[in-house]
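Take a look at the structure set out below.
As the structure lists them, so they are numbered: ligands from 1, and atoms in each ligand from 1. Note that the numbering runs from 1 along the sequence shown for the chain.
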Amino acid sequence: MEKILELISREVEEAFAANGYDRKYGRVTLSNRPDLCEYQCNGAMAAAKEYKCAPFVIADKVAESLSGNEMFASAESVKPGFLNLKLDAEYLAGYLRQMSVDEERLGCEKSQAPKTIMIDYGGPNVAKPLHVGHLRSAIIGESVKRIGRFMGHTMIGDVHLGDWGLQMGLIITELKERKPDLVYFQEDYEGAYPEDAPFTISELEEIYPTASAKSKEDENYKEAAMQATYELQHGRKGYQALLSHILNVSVSDLKRNYENLNVSFELWKGESDAQPFIPDMVQKMKDDGFAHMSEGALVVDVKEETDTKEIPPCMILKSDGASLYNTTDLATIVWRIRDYHPDEIIYVVDKRQELYFTQVFRCARKTGLVGPETELKFLGFGTMNGKDGKPFKTREGGVMRLEYLVNEINEEMYKKISDNHTVEEEEGRKTAKMVALSAIKYGDLSNQAAKDYIFDVERFTSFEGNTGPYILYTIVRIKSILKKYQEQKALPQGAKILAAHSGSEKALMLEISKFNSVMESAFADTAPHKVCAYIYDLANAFNHFYHETKILAEQDEGVQAGYICLLELTKRALEICIEVLGFDAPEKM
Ligand code: ARG
């Protein structure tokens, strides 16, 4: 379906043309004075310059041409030359009826030119527990992915595990200290390695920080860890067997955590998967004359003339020949392009890594790893702060584990829900989990990604205000009205959305009609917060209508059936939106 603003604009453009003015002046926008009108066109002001006359002369003529047009209830020319527009209620109803027919997409067309888009998000590190810093990447990335998919693109999410580097050597070193007799450490061992890992996830999560702390104090220990890392990366069999245990144990724990967040990935690739591509890549960069030695390291210059700040060279190999985070990211681009030919790769990473990604992207372009047909996009997010404005911590001041945070909020929600009314324990827990997830995700997504925000549990879990629970509460309210209606009667044949009977009904209808344009721009700007803003307005408009309107007590069956159809559509719009944001609504709460 065409966007309603397009339809309106076209009509107004016609009217400009009919009066001999360039149609380009007929662009219509949403009104910034909703008290005066619903849409507005300021084109006459600009046209006045070209046609050298007073703007209101033009606006008057256009308004005159629009009078009697069935799209508008009114088209007024207002001095000095604005056009104030109100939609005809029947026209609006017709637009919504057309949306309703398409239950899946509500008339939002898929992209005409579907792309393959890879999205790099999550970015957890193996053997380290997920902390809140990873939360934003997971939440935002998942939503961007779902929005893209809704718009018809092929979206491939890759978790890009941090599974390479010193942390592996540290774990191996610590294990060796604790259990030196394990076969993994026998260099001459020829047999098969055991299938079961020699540690559990909780041991693993304790081993890593212990090892990391030791290495900071003990030079020899650190040396040993670096040696172990080196041997692992150069194919020592026992260590590689340990690595796959670490990966398996860690990944199944990560999957469980992400599942609780309603987050999933198409690819579970890691930094280690990029390693085989490094030697050829580096060789080519050298052969092509892009990489050169600088202070012992191999680098590619990436500064550009127009830079206003210093962009340091992209380091490809350290002086000891070891690869770096950069090298891995570049080599990851190699297989991503080779295997998926993406039109775009989006990185959802902490914005503090922006400069780093500028270097990586420039290097990838300059050295020809990426052609002009592939766009590289950095979607940097801000920090999640506590109420004190500092990065979110536990009460004791430690790093907050994601799992604990989620459990805490689940618990909080369960208390709220069971305080409100009696619920079966199991049912209540399930509902609490859904509502809690909406609180966390909406609390995050409703902010522009790049901004820091304050994670305020109390505010986020509130059933009032701009929160996830408020949105769910609204959906549940609609579901309950629909259910009550259905218990009383069946929707009559031919029931349909009718022209609005009241201001609040029309306001709700106007909100709904924005659906396709919101989805399109949320995708174009990789901006889930636009979907949040839309459903907040929509929920408000609905609740306003609901408070002013007797729906179930309406006497006129036709009018009532029209309301029910409108409620169905409102519910669908809200549901599709929360689906792309990555959470669901319960049946009741
Ligand atoms: N593992 C990294 C971290 O915890 C994030 C990875 C981001 N993605 C990337 N392609 N570098 O900071």
Kindly indicate whether the side chain of [X], heavy atoms from C-beta on, has any atom under 4.5 Å from the side chain of [Y].
| X | Y | result |
| --- | --- | --- |
| I156 | P342 | no |
| D253 | R256 | yes |
| L472 | Y442 | no |

Which one holds for [X] and ligand 1: side chain close, backbone close, both close, or neither close, with close meaning a heavy atom under 4.0 Å?
| X | result |
| --- | --- |
| N125 | side chain |
| Y356 | neither |
| D350 | neither |

Considering the heavy atoms of [X], write down every atom of ligand 1 situated less than 4.0 Å from one of them.
| X | value |
| --- | --- |
| Y347 | 10 (N) |
| V349 | 7 (C), 8 (N) |
| H160 | 8 (N), 9 (C), 10 (N) |

Please indicate whether any nitrogen or oxygen in E271 is less than 3.5 Å from any nitrogen or oxygen in ligand 1. no
Nearest heavy-atom neighbours spanning V159 and K269: CG1-O, 3.8 Å
Taking all non-hydrogen atoms of both residues, which atom of A127 and which atom of S250 are closest, and how far apart? N-OG, 2.8 Å
If you measure from the Lys or Arg side-chain nitrogens to the Asp or Glu carboxylate oxygens, is any gap between R336 and D158 under 4.0 Å? yes
Please list the nearest protein heavy atom to [atom] with its residue and the distance rounded to 0.1 Å.
| atom | value |
| --- | --- |
| atom 6 (C) of ligand 1 | Y325 OH, 3.4 Å |
| atom 2 (C) of ligand 1 | G123 O, 3.6 Å |
| atom 12 (O) of ligand 1 | Q353 NE2, 3.4 Å |
| atom 8 (N) of ligand 1 | D120 OD1, 3.2 Å |

In a check of salt bridge (Lys or Arg N to Asp or Glu O under 4.0 Å) between E579 and each of K441, R146, R572, which one passes? R146
Would the H153 and F523 ring centres measure less than 6.0 Å apart? yes
